[in-house]
Structures are given as structure tokens and as C-alpha cells.
Amino acid sequence: MSIVNTLKKSAIESLTALYAQSFTEKDFQVNQTKPEFEGDYTLVMFSLVKSLKFSPETIGQQLGEHLIKNYSQFFTAYNIIKGFLNLTVADSYWQDLLNKNYKKSCYGKKEFNGKKVMVEYASPNTNKPLHLGHLRNIFLGWSVAEILKANGYEVIKSCIVNDRGIHICKSMIAWQRFANGATPESAGSKGDHFVGKYYVKFNDVYREQVADLVKAGKSKDEAEKEAPIMKDTQQMLVDWEDGKPEVITLWKKMNNWVYKGFDVTYKSIGADFDKTYYESNTYLLGKDIVQKGMDKKVFYKKDDGSIWIDLTNEGLDEKIVQRSDGTSVYITQDIGLALHKYEQYKIEQSIYVIGNEQNYHMKVLQLICKKLLMPNADNMYHLSYGMVELTSGKMKSREGTVVDADDIINEMIATSQQHTEELGKVKDFMEDELTELYKTIGLGAMKFYLLRVDPKKTMIFNPAESIDFHGFTGSFVQYTYARIKSILRKQITNDLMPNDLMPNDFLKLEKEIIIAAEQYPAIIEQACTEHNPSVIANYVFNLSKTFNSFYAELSIANAESESKKQLRLKLSLFTANIIKSSMSLMGISVPERM
RNA sequence: GGCUCGGUAGCUCAGCUGGAUAGAGCAUCAGCCUUCUAAGCUGAGGGUCAUUGGUUCGAAUCCAAUCCGAGUCACCA
């Protein structure tokens, strides 16, 4: 149990004993003591005044006294300032914690709890390459999956590939018309980029055709519908649905180019999936559910044959679930896939990492599932994240302001190489080690930058800031780790000393480290309940900062005494382990040297 | 227009289940490398927590209204 929980429990028991009333955690607050006061944790007394009818000072006095008398293994001293009861935690408690855990690489992680969770993320379209927004999605999804694992869940990482539809046909048409049989190989281009080029080409041609038609006197709406290339694309979609062989062949060929490209990107950023769903396989799912929903009167049919659900009682609108021509809409397959996932894996929770532009859609989806009394309806969780914007405003593919994923990653790696070379600390590194290091630093910077912000918030991507190596960055944390490992290599020759040789009083900076380390398990838990990796990023940054102050102020190798040296080495190793563990929860590796 | 989300230092962000003088990083300025990695450390300046009212012993945090910004409300996906 964490010291905070121990404190809460002890305080509740003490209050009950003192005042013969029952109390709960909500009756008072526990905070970490501010640095300017004596003590480690603080109980706030004000909220107890009303029911106990004593002054906050009096309550604090009595409670403090009772705590150090009856829980002396945890608390050794107290002081009261106004209504704040500051408690000092026993050094023996910290020592014990340190000795038990400093070597453990799994510190803070929980045992398997028997529950299965699915995290769906990435979910790209196969008509263009991945961009910065996808990166936020992928890093988030991957990290949340790791955080869930650390909390004892079995996690299935999944991906739904949007591999069919009118947007896919657009790049197919353009390739057919304008590529002269070119392939990624012949063009020397990465498959997804290659296909993306034809998607852009489609839009160029389409715009021209629309403009010509407008010039010829058509209205804009008419022109957009009648542009020949658009008509051909629509025909191609019909042909695809009919399974026309040459269309299917082309579709497969081009999608495979894209998959090859995606795989390269996924591999370079460390993304992986346990299960990939393809829209071309799932888009018909859900149709029978619609039929059953009709029978249950959850849905109703309009005169033209289209099928709807009325959500106006829930404050939403009516929503179509099947077109008048009998084909399904986007949400239909989502209903089907949601049920399919549940039946296939019997998952406890189904997490969808999807941008907040789809908040409404996801709300409707879950509501429909609930109305259909689907067993998993309550366990769907939309991990909604904010858009990534540029300092110049939003990314717009039409205006060419989209930051390409591969480009930005390569740039990060190149910049980390340049910066590392300038610092000149890696002269004795082997070629392989250097390549690995640049990747570690560049990708680490990128991931940390995107994960350090609360997922639900829109974030601004500032290129200069993202490639920074100072302050609140991945490299700062990596550097701290490398520094610790360097000293450990030099100083730890034998096993560290047994417990009884430990000194009794921690210095302020030593204490700060052990307090921060003690909080790690609670942080992992918090990140999990909030589905929020930024909790980890903030934590590990603070831990690193604390360590760096400690490192600058106190000598480890030349400590005042051998026992102090042992203590500091343990604190260092403990910190290193936690850094490595935290960073791994964000998919960031840490270098032994840098 | 309806619904949802947001507004904290010049910039990027923490803090939001109410608690002590609102915190980091970047940027600016001043210091610290003959001793464990200076990708570091120490210090300084910088705030009407959008505005107004309310609840409370106590409000950046809760409630209401207003202003500003974003998203969304398709027989698109």
C-alpha cells in the first residue's frame, strides 16, 4: 500500500478512536507537504471542524499525537500550521522501501488480473501516407496499451484499416490514368507516398474539371457531381462492390503498396498490432443487427426505405443506419465490428483511440449499442484526443501543410545526430551503436513531445520545440538515465551493502528522490484510470529533475561515508530503473550512454 | 442556431474529486565544468488563472451568465 493510502487509513482509524464517529477518505485531504514546511505529507483539518466542533489546531494536535503514538512504524513527527497537520514519515519506512525495490525492473507493475482489453488505434486510410495526427494517435494507443498491461490487463492491440470506399477509388482512378504503369519500385518511392501522390493528382484533375464545368455555365454543385473523373470513380466503386476482377486486382495491388509503406513506418516507430481488421471485410457487418433492431423496434423505416434511429430523447438527432438503397453507412459497420470484437475476444473493455472530431459519432455509436442491449455497450471507451495543429494554424492536406510522418521522423533523427556530433561525446562509439543512439534520441524526442500533453487537448506542434533537447523533453530524461548508468558502471563492483549499514537520516535531496520513487506505482495506476500517458511523462520528468539536482549537489563516488555512498548508489539505481520503466510505457527506449 | 470541449507567464504546458505565497519548460538576464556525462545545476525577472456574479472558513479548481476559440450536428468516411 502506498504511504498516502496508509496515512489515510491510519487517520481514519485514529479519528474513529479519538472521536467515536465514523469517517471516510472524503472527510479530509492528504497532500504532499510544501517544501517550505517541515514534514512529508499533510492532512488538511478544516473539513473536520464542523462535525467535530473543535478548532483545526486542536484536531491536528490530537490526531498528530495519536498517529505517532499508534503508527510509529510509519510516522515519527508532526507539526501544525494553521489547519495543516504535517507528518514526517519514518526513515525506516523509506529505507525498507528502497531496499526492497531498488533493483526491481518490474517495480510498480501489477500481476495479471485475468481481464482482457482491446485498444484500437492508428486506423489509417489506404490512400495516403501517415501524418503527424496519426503519430499522436499511434503513440497514444500504443502507450495506453502498455500502461494497461502494467496494470495487469491482457491487451489486444487492434487496427481497423479503411481500405475501401470512394476515397480509395480516387487514387486508383488517378493511377490508372496518369501513372503509365509506374510502380513504387520504378519510381523509387515508398508505397504509401507513391499512392498518396495519385490521390493528390485526382484532386488536382477533379478541381480543374469542376472549374471548366462552372465556366461552361454549370452550378458548383452540378459541376462537382458531373465532373467526369468523379463519375468514373463512382462507377469504379460500384464495380468494386460487384467484384469486377480488374478493379479488384488493381485495388489489391495498390493497397499492398500502401501496406508495405505503412509497415516500414510502423516498424521504425515501434508500432505493432495483434489484430488487424479490414474494412473490406467488415463493411457488411451490422446489417443483420439492423434487421434485428427493426424487430425490436429500436430502429424504424422511413417511407423511402431508409432506416433510422431516433435519439432526440437523448438530446441528439435522428441518425440513419441504412440507406434507402439498402446499403450500410459508416456507423452500421461500427456496430457490427463492436459486437464482433466482443464475440471474438470476450473483452472486458474496448478502447477506441479516435480524434475528438468524432466525439458525436462515438457517442451515437455507444448509445445505439446500448439501445440494442449489446453486452459490451457499457464497456466501450472513446479515448478522444485533440488535433495536432501547427504554429501557423491547422494542417490542411489541400493546402499542403500536412506534416508527413516519415519526414518528421527522419528529421528528428537527423537533428539528434547533428546535435550529438556537436557535443562530441561519442567518439568511441561503434557505427551500429551510433545509428541506434540517433534513433533512440530522435524518436524519443518525438514521442515524448506528443505524449507529454494531456491527450484530450488540442496541441500545437512547434517544430523547433519538438526537436529541442533541453528541459521538458525525452532527451533530458534519457540523458539523466545515461548519466546514472555511467556512474553505476564505475562505482558498483560488488553487491550493495545490506540494510543494517544504512545511515539513519536522509538529506533533503535524498529524501526527495525516495518520495518520488514511492509514488511511481500510484502514477501507473492513475495513468491507467485516466488513459493518460502524459501523467507518466510529467512524472518521469520531475523524477529526472530531482535526480539531477541531487547529482549536482551531492557526490556519489566520494560520499561522506561508505554507507552514504551505498545509499546514493541505491537511490541512483532505483531512479534509473524507474526511468527506464516509465519511458518504456511511452514506447521510448533509453541509452546506456549518450 | 443546438450540443460538446477548451481559455492559466511572451510561447508551450502542469495544476482542476476546493486548501498554505498558482508551478514547470522554452525564451530573457546573472552565476557554476582541474572532482561521478554542462543534453546538467543554481538564482532573477515575468500572472486580473478570459470576464462578471454566486456557493464556501477558503475558489484557477464547484455553480450560473457573458465573451472568445475549436469540434460536431450528411442516405461522406
Side-chain angles (χ1 to χ4, degrees), chain A residues 25-26 28-29 31 33-34 36-37 42 44-47 49-50 56 81-84 86 125 162 164-168 279 283 302 304-308 315-331 333-334 355-361 363-364 384 386-387 389 391 394 416 419-420 422-423 425 441 449 452-454 456-462 464-466 468-473 475-480 482-491 534-535 537-538 541-542 544-545 547-559 568-569 572 593-594:
Chain A
E25 286 190 10
K26 287 183 179 157
F28 55 87
Q29 253 184 47
N31 300 324
T33 305
K34 304 245 166 198
E36 58 266 37
F37 303 104
T42 298
V44 186
M45 298 289 95
F46 298 104
S47 48
V49 170
K50 221 172 228 172
I81 296 167
K82 295 195 272 177
F84 299 93
N86 302 318
N125 292 339
N162 302 117
R164 51 139 251 137
I166 192 78
H167 52 298
I168 308 300
E279 195 191 339
Y283 81 109
K302 287 196 175 174
D304 61 3
S306 57
I307 299 178
W308 297 72
L316 306 176
D317 300 317
E318 294 181 311
K319 179 84 188 174
I320 189 162
V321 295
Q322 193 173 102
R323 297 188 187 101
S324 50
D325 63 5
T327 58
S328 49
V329 292
Y330 186 62
I331 203 158
Q333 62 173 310
D334 279 346
N356 62 10
E357 71 225 328
Q358 295 204 43
N359 283 357
Y360 181 77
H361 175 83
K363 203 169 161 183
V364 169
S384 162
M387 299 291 101
E389 294 182 0
T391 40
K394 291 188 180 181
S416 68
H419 187 73
T420 304
E422 277 167 14
L423 289 174
K425 297 185 194 176
I441 298 174
Y449 184 79
R452 68 183 203 181
V453 181
D454 186 339
K456 27 179 209 302
K457 292 195 176 173
T458 301
M459 66 172 289
I460 311 277
F461 182 84
N462 179 333
E465 210 173 69
S466 70
D468 198 357
F469 300 102
H470 306 277
F472 189 16
T473 64
S475 345
F476 175 92
V477 178
Q478 288 170 327
Y479 176 68
T480 309
R483 230 179 183 192
I484 297 175
K485 292 316 285 267
S486 166
I487 195 162
L488 293 180
R489 276 193 298 274
K490 289 176 189 158
Q491 299 300 329
S534 79
V535 169
N538 279 285
F541 170 63
N542 279 316
S544 301
K545 220 168 25 149
F547 183 86
N548 281 324
S549 299
F550 161 87
Y551 180 93
E553 190 69 26
L554 304 168
S555 178
I556 298 168
N558 300 309
R568 288 178 193 161
L569 285 170
S572 302
R593 308 195 288 164
M594 72 186 272

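Quick note on labels: first sequence line is chain A, next is B, and so on, each numbered from 1. Side-chain atoms are counted along with the backbone in the values below, which use heavy atoms only and exclude waters and symmetry mates. Everything numeric here is computed off the predicted structure, so don't read it as measured data.
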Considering every strand and a 4.0 Å limit on heavy-atom distances, what is the contact class for A:E553: base, sugar-phosphate, or nothing?
nothing
Spacing of the P atoms in B:G6 and B:C62 (rounded, Å):
9 Å
Regarding the side chain of A:S549, the nearest nucleotide among B:U37, B:U42, B:G25 is B:U42
Quick one: ring-ring contact (aromatic ring centres under 6.0 Å, His included) partners of A:F461, sequence neighbours excluded?
A:Y449
For B:G31 versus B:A38, give the span between their C1' atoms, rounded off to a whole number of Å.
13 Å
A:F541: which residues meet the ring-ring contact (aromatic ring centres under 6.0 Å, His included) condition with it, sequence neighbours left out?
A:F472, A:F476
With sequence neighbours excluded, what pairs up with A:L488 under the side chain to side chain contact (heavy atoms under 4.5 Å, CB included) test?
A:I484, A:K485, A:I492, A:L569, A:S572, A:L573
Shortest side-chain distance from A:K490, nucleotide among B:C36, B:A77, B:A20
B:C36
What heavy-atom pair brings A:I331 and A:I320 nearest, and what distance separates the two atoms?
CG2-O, 3.9 Å
Respond yes when some side-chain nitrogen or oxygen of A:R323 is under 4.0 Å from OP1 or OP2 of B:A74, and no when none is.
no
Expressed in whole Å, how much space separates the P atoms belonging to B:G19 and B:G40?
32 Å
Atom CE of A:M387 and atom C1' of B:A70: how far apart are they, to the nearest Å?
11 Å
I want to verify a distance call: between B:A20, B:A77, B:C36, whose nearest atom is closest to the A:I556 side chain?
B:C36
Minimum-distance nucleotide to A:F541 side chain [options: B:A77, B:A20, B:G25]:
B:G25
Determine whether more than 12 heavy atoms belonging to other residues, nucleotides or ligands lie under 6.0 Å from atom NZ of A:K319.
yes
Non-neighbouring partners of A:D468 that pass salt bridge (charged side-chain N to carboxylate O under 4.0 Å, His left out), sequence neighbours left out
none
Let me have RNA chain B in dot-bracket notation, would you? Count Watson-Crick plus G-U wobble pairs, both distances under 3.5 Å, and use [ ] for pairs crossing earlier ones and | for inter-strand partners.
((((((((.[[[[.)...(...]]]].(((((.......))))).....[[[[[..)....]]]]])))))))....
Within the 4.0 Å heavy-atom criterion, would you say A:I166 contacts the bases, only the backbone, or no part of the nucleic acid?
nothing
Using the purine O4'-C1'-N9-C4 or pyrimidine O4'-C1'-N1-C2 torsion, is B:C33 syn (within 90° of 0) or anti?
syn
Between protein and nucleotides 10-13 of chain B, what N or O pairs are separated by less than 3.5 Å?
{"from": "B:U12", "atom 1": "O2'", "to": "A:E465", "atom 2": "OE1", "distance (Å)": "3.4"}
{"from": "B:C13", "atom 1": "OP1", "to": "A:I460", "atom 2": "N", "distance (Å)": "2.8"}

Taking the side chain of A:Q358 as heavy atoms from C-beta outward, which of B:C41, B:A77, B:C73 is closest to it?
B:A77
Nucleotide nearest A:V44 (side chain, heavy atoms from C-beta), chosen from B:A20, B:G19, B:C41:
B:G19
Round to a whole Å and report the spacing from CG of A:N86 to P of B:G19.
16 Å
Do you know the tightest heavy-atom contact between A:G355 and A:S384?
C-OG, 4.4 Å
For A:F469 and B:G25, what is the distance between atoms CZ and P respectively, to the nearest whole Å?
19 Å
Check salt bridge (charged side-chain N to carboxylate O under 4.0 Å, His left out) between A:E553 and all other residues, then give those that pass, not counting sequence neighbours.
none
Indicate the atoms forming the closest heavy-atom contact of A:Q322 with A:V329, along with that distance.
N-CG2, 4.4 Å
How close or far is atom C1' of B:A74 from atom CG of A:L316, stated in whole angstroms?
15 Å
Contacts of A:Y360 meeting ring-ring contact (aromatic ring centres under 6.0 Å, His included) (sequence neighbours excluded), chain-then-number -> none
Rounded to whole angstrom units, what separation is found between the CZ atom of A:R164 and the P atom of B:A77?
7 Å
For A:R593, enumerate each residue passing the salt bridge (charged side-chain N to carboxylate O under 4.0 Å, His left out) test, keeping only those at least two apart in sequence or located in another chain.
A:D428, A:E433
Any side-chain donor paired with an acceptor under 3.5 Å for A:D334 and A:H361?
yes
For B:A20 and A:K34 - does any side-chain N or O of the residue sit under 4.0 Å from the phosphate oxygens OP1/OP2?
yes
So, for A:V49 and A:P56, which heavy atoms are closest and what is the spacing to 0.1 Å?
CG2-CD, 3.6 Å
Can you tell which of B:A77, B:U21, B:C41 lies closest to the side chain of A:H167?
B:A77
Taking the side chain as every heavy atom from C-beta outward, state whether A:S486 and A:K490 have any atom pair closer than 4.5 Å.
yes
Calculate the interatomic distance between A:Q322 atom CD and B:A77 atom P; express it in whole Å.
13 Å
Can you tell me how far P in B:G15 sits from the matching atom in B:A20, rounded to whole Å?
16 Å
Hey, does the side chain of A:R489 come within less than 4.0 Å of B:U37's phosphate (OP1/OP2), counting only N and O?
no
Separation between the P atoms of B:U72 and B:G25, rounded to whole Å:
36 Å
What residues form a salt bridge (charged side-chain N to carboxylate O under 4.0 Å, His left out) with A:K302, not counting sequence neighbours?
A:E318
Given atom CZ of A:F476 and atom P of B:U37, what is their separation to the nearest angstrom?
16 Å
Can you tell me which nucleotide in B:C3, B:C36, B:C26 comes closest to the side chain of A:H470?
B:C26
From the set B:C73, B:C41, B:C36, return the single nucleotide nearest to any side-chain atom of A:A557.
B:C36
Would you measure the distance from the P atom in B:G1 across to the matching atom in B:U66 and give it in whole Å?
11 Å
Spacing of the P atoms in B:G10 and B:A50 (rounded, Å):
13 Å
Contact summary for A:V44 and A:F28, nearest pair of heavy atoms
O-CB, 3.7 Å
Should A:N356 and A:M387 count as side-chain neighbours, where that means a heavy-atom distance under 4.5 Å?
yes
base_contact_polar (B:A20 base, A:T42 side chain, donor-acceptor, <3.5 Å):
yes
Given the C1' atoms of B:A27 and B:A9, what is the spacing between them in whole Å?
12 Å
With heavy atoms under 4.0 Å as the rule, sort A:I484 into base, sugar-phosphate or nothing.
nothing
Detail all sub-3.5 Å separations between protein N/O atoms and N/O atoms belonging to nucleotides 27-31 of chain B.
none

Here the distance between atom P of B:G15 and atom CG of A:N542, to the nearest Å, is 11 Å
Mind listing the N/O atom pairs, protein and nucleotides 57-64 of chain B, below 3.5 Å?
none

Have a look at A:N162 and say if it touches a base, only the backbone sugar-phosphate, or nothing, with a 4.0 Å heavy-atom cut-off.
nothing
Classify the nucleic acid contact of A:T420 as base, sugar-phosphate or nothing, counting any heavy atom under 4.0 Å across all strands shown.
base
Quick one: closest heavy-atom pair of A:I441 and A:Q478, and the distance?
CA-OE1, 3.6 Å
